[in-house]
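Remember, it's a predicted structure, so these values are computed and weren't measured experimentally. Lettering of chains follows the sequences in order, A, B, ..., and the numbering in each one begins at 1.
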Amino acid sequence: MRWTRYFINTLREVPADADVISQKLMMRSGMIRKVAAGIYTYLPLGLRSIKKMEAIVREEMNRAGAVELLMPAIQPAELWIESGRWSFYGKELLRIKDRHERDFIFGPTHEEVITETVRDAISSYRQLPVNLYQIQTKFRDEVRPRFGLMRGREFIMKDAYSFHTSRESLDQTYDVMRGAYSRIFDRCSLDHVPVEADTGNIGGSASHEFMVLAQSGEDAVVACPSCHYGANVEKATSQFFREAQESIAQQQLREITTPGTQTIDDVGRFLGVPTSELVKTLVFRTENGTVMVLVRGDRQGNEVKIKNFLGTQTLELLPDSEFATAVGGPVGYCGPVGTKAGRVVADNSLKGMSNWTVGGNKVDTHTGNANPGRDFPEPEYGDFTAAEAGDPCVRCGTPLEIHRGIEVGHIFKLGTKYSKAMNCVYLDESSQRQPMIMGCYGLGIGRTVAAAIEQSHDNDGIIWPVPIAPFEVVVTVVGREENVGSAAEQIYAQLVDAGIDVLLDDRDERPGVKFKDADLIGFPFRIVIGSKSLANGNVEWSTRRDREKKLGEPAAVVSTVIEQVRAARSV
RNA sequence: CGGGGCAUAGCUCAGCCUGGUAGAGCGCACGGUUCGGGACCGUGAGGUCGGAGGUUCAAGUCCUCUUGCCCCGACCA
């Protein structure tokens with residue numbers, strides 16, 4: 001491809017609404033263009049990377065035994081009513097009506113359609129398992145789209161769904177898919193880590209997220225440097241609390257006046273004790289009433305863990321205005337002693353601790369030496385706090401690390417949630433109807449490409465991993481002399497013949513402009529044909545990563561570059 | 001959904017407080033000088049100032065409403 005006949009518009013200035021590096025670089029290099037909030041055009045350059053990413057995913061899915069199909073982007077409401085998610089999914093689900101006023105949705109995911117498809121096609125255990133995937137444009141009406149392709153509303157996703165007659169069969173496919181995911185991200189040279197994750201609204205028994213480690217990641221992941229335990233902080237458990245705490249003699253309950261101490265830090269400062277020796281009270285509203293959650297003062301409550309423990313559909317912090325009636329204590333001074341809250345639970349870190357300092361359910365008052373079982377009913381204990389860096393690993397005790405990560409893939413063991421709701425059954429060996437056991441496997445195509453940029457760039461632009469670079473090589477013409485042009489054409493033709501994705505920069509531009517553009521777009525290899533070196537029979541080549549210029553005869557440079565591109569394709 | 005901000009040329013922005021001829025840089029076109037890391041000089045094209053209504057002799061500027069976009073938070077396969 002020749003630059004002058006291609007469609008590239010690079011920007012010298014950073015578009016005002018770009019907020020992460022990958023988005024800035026993709027917009028500046030002319031890969032994407034924003035059309036509306038969270039909605040982008042993939043320009044030719046961007047589309048090439050997307051297509052390469054898709055090709056890698058296809059190869060690995062096929063290798064893993066998955067079979068490709070393509071489901072509609074628009075789905076009828078009936079399917080979602082049947083699964084129960086029509087009323088449950090909320091505003092993120094883009095609902096639309098056709099000319100007959102019939103309800104449809106723009107699919108954010110395809111469990112319903114695939115379940116219906118398999119339900120109709122498969123009736124016997126002999127036909128299972130199956131594993132079907134598609135690469136489809138999806139739409140989720142995110143409240144706040146941002147970060148370009150990393151969190152768009154319209155986005156391209158690979159999603160796969162597997163159907164089984166047994167847990168063992170599901171486990172097997174799950175492991176194969178997990179391996180396929182690792183291969184995919186390895187092939188893109190992405191520094192990634194699979195972590196245990198919460199299953200969220202999708203439901204199911206087990207789940208892993210594939211996180212690409214990057215500063216700008218929206219998720220925090222906990223990783224153990226020695227035993228490879230990894231988990232989303234929403235899921236991660238640690239054992240930070242003191243084990244077998246020595247039991248200290250229970251002392252007499254007392255009221256402490258603590259004026260103007262609404263936060264736990266205030267209380268600690270006022271009393272002159274570390275916050276780890278205080279008890280923090282969080283109050284939530286759920287569909288089953290008010291719940292009081294007690295955690296150690298220096299710890300953050302984790303709503304996902306709390307919600308999972310309580311088994312409720314909704315969980316939100318109680319509005320200040322409802323404290324008086326629902327809890328019986330003012331904001332900032334709530335505590336378990338004599339509370340009106342229906343249910344009180346406490347974090348494991350408080351188990352065995354005596355003489356708690358808690359809110360006194362009265363303005364400017366705390367209660368000291370409160371003891372569960374004596375001064376208030378013994379609470380239920382559970383894991384309600386987020387793991388923190390330095391906490392001992394739950395498996396091996398090594399201090400945990402916390403990293404930022406971009407969720408590029410998420411796989412679930414769904415179980416029978418959808419097959420039961422939608423009557424997706426088969427007949428087993430004894431002619432019994434059984435719900436199929438399902439797994440589902442998502443992978444964000446655009447997000448993965450963006451993640452690659454987040455992880456691999458410098459001040460001048462993108463540094464593409466070869467497998468997803470829009471072009472592998474740029475041939476830069478420097479100088480107008482006849483022989484320079486013809487030498488470049490020759491080299492270009494040789495690379496094309498060798499099946500290399502090469503762009504010939506044949507623009508009538510100054511060298512500086514061409515070099516800046518090449519760095520910005522991030523071609524992994526660059527060959528420069530300039531009049532000076534050509535006079536000595538040489539051309540120059542370099543990689544984007546180190547930009548070290550090397551001279552050589554044209555034929556030798558061409559064969560070296562071809563060799564290196566081929567080697568880099570199959571990392 | 002709460003709080004805040006922005007909307008003027010293809011892009012980045014000034015002008016608004018204090019109403020009176022629509023601006024700059026980049027990009028683009030043309031001419032010239034340049035030509036190995038985003039050159040320089042000259043000329044030029046390009047704008048319903050997001051939209052609607054109002055105040056006024058006069059509105060990019062003041063007021064009201066509205067739409068879009070961005071940020072913080074909450075939310076989130």
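When each of C70(B), G36(B), C75(B) is scored by its nearest atom to the side-chain atoms of R146(A), the top-ranked nucleotide is C75(B). Listed nucleotides: G36(B), A74(B), C76(B). Nearest to the side chain of K532(A): G36(B). Out of C75(B), U12(B), G38(B), the shortest distance to the side chain of D517(A) is found at G38(B). Listed candidates were C75(B), C69(B), G37(B). Nearest to the side chain of R547(A) is G37(B). Closest contact between the side chain of P511(A) and the listed nucleotides C75(B), C69(B), C35(B) involves C35(B). Among the nucleotides G38(B), C69(B), C35(B), the one closest to any side-chain atom of D17(A) is C69(B).
Between the CZ atom of F515(A) and the P atom of G38(B) there is a distance of 10 Å, rounded to whole Å. Atom CZ of R510(A) is separated from atom P of C40(B) by 9 Å (rounded to the nearest Å). When the P atom of G38(B) is taken as reference, atom CG of N459(A) falls 15 Å away, rounded to whole Å. The distance from atom CD of E142(A) to atom C1' of C76(B) is 6 Å, rounded to the nearest whole Å. The CZ atom of R544(A) sits 12 Å away from the C1' atom of G37(B) (whole-angstrom rounding). Per the geometry, NZ belonging to K516(A) stands 6 Å off P belonging to G38(B), to the nearest Å. Here C75(B) presents its P atom at 12 Å from CZ of R151(A), a figure rounded to the nearest Å.
F185(A) pairs by the ring-ring contact (aromatic ring centres under 6.0 Å, His included) definition with H192(A), F210(A), not counting sequence neighbours. With sequence neighbours left out, the salt bridge (Lys or Arg N to Asp or Glu O under 4.0 Å) criterion links E142(A) to R151(A). Residues passing the salt bridge (Lys or Arg N to Asp or Glu O under 4.0 Å) test with D508(A), sequence neighbours excluded: R480(A). Residues meeting the salt bridge (Lys or Arg N to Asp or Glu O under 4.0 Å) test with E472(A), sequence neighbours left out: R569(A). For R2(A), the salt bridge (Lys or Arg N to Asp or Glu O under 4.0 Å) partners are E489(A), not counting sequence neighbours.
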RNA chain B in dot-bracket form (Watson-Crick or G-U pairs under 3.5 Å, [ ] crossing, | inter-strand) is (((((((..((((......[..)))).((((((.....)))))).....(((((..]....))))))))))))....
As a quick check of understanding, evaluate side-chain hydrogen bond (donor to acceptor under 3.5 Å, both in side chains) for T543(A) and D546(A), giving each step before the final call. CA-CA 6 Å; T543(A) 65; D546(A) 64 20; 2.8 Å; yes
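Side-chain to base pairing of T476(A) with G36(B): no donor and acceptor N or O lie closer than 3.5 Å to each other. The base of G37(B) lies close enough to the side chain of R526(A) for a donor and an acceptor atom to sit less than 3.5 Å apart.
The stretch residues 5-39 of chain A participates, sequence neighbours left out, in these ring-ring contact (aromatic ring centres under 6.0 Å, His included) pairs: Y6(A)-F471(A).
For A45(B) and G10(B), the P atoms lie 15 Å apart once the distance is rounded to whole Å. For the P atom pair drawn from A52(B) and U12(B), the interatomic distance equals 23 Å after rounding to whole Å. Distance check on atom P: C72(B) versus C57(B) gives 46 Å, rounded to whole Å. Here the separation of G50(B) from C70(B), taken at their C1' atoms, is 15 Å to the nearest Å.
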Taking only nitrogen or oxygen atoms into account, show me every contact under 3.5 Å that the protein makes with nucleotides 6-8 of chain B, one pair per line with its distance.
none

Between the protein and nucleotides 22-28 of chain B, are there any N/O to N/O pairs under 3.5 Å, and if so, what are the atom names and distances?
from: G25(B); atom 1: N2; to: E13(A); atom 2: OE2; distance (Å): 2.8
from: G27(B); atom 1: OP1; to: R12(A); atom 2: NH2; distance (Å): 3.2

Show me the protein contacts with nucleotides 1-4 of chain B, counting only N or O atoms at under 3.5 Å.
from: C1(B); atom 1: OP1; to: K91(A); atom 2: NZ; distance (Å): 3.3

Can I get a per-line list of side-chain donor-acceptor pairs under 3.5 Å for residues 25-34 of chain A, giving both atom names and the distance, sequence neighbours left out?
from: R28(A); atom 1: NE; to: L11(A); atom 2: O; distance (Å): 3.0
from: S29(A); atom 1: OG; to: L25(A); atom 2: O; distance (Å): 2.7
from: K34(A); atom 1: NZ; to: D17(A); atom 2: OD2; distance (Å): 2.8

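Between W80(A) and Y89(A), the ring centre distance stays below 6.0 Å.
The environment of NZ in K97(A) is crowded: more than 12 heavy-atom neighbours from other residues, nucleotides or ligands sit within 6.0 Å. Counting non-hydrogen atoms of neighbouring residues, nucleotides and ligands closer than 6.0 angstrom, the NZ atom of K550(A) exceeds 12 such neighbours.
Ionic pairing of D517(A) and K514(A) is not present here: no N-O contact between side-chain nitrogen and carboxylate oxygen is shorter than 4.0 angstrom.
Applying the 4.0 Å criterion to OP1 and OP2 of C70(B), one finds that K34(A) has a side-chain N or O inside that range.
Where V478(A) and L443(A) meet RNA chain B, the nucleotide closest to each residue was compared, and V478(A) sits on the side nearer the 5' end.
Among the heavy atoms of the strands, none lies under 4.0 Å from K138(A). Backbone-only contact: V14(A) has heavy atoms under 4.0 Å from sugar-phosphate atoms and none from a base. At a threshold of 4.0 angstrom between heavy atoms, the contacts of F147(A) with the nucleic acid are absent.
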Contact letters for nucleotides 41-49 of chain B, in which S counts primed atoms plus P, OP1 and OP2 and B counts the base, heavy atoms under 4.0 Å: ---------
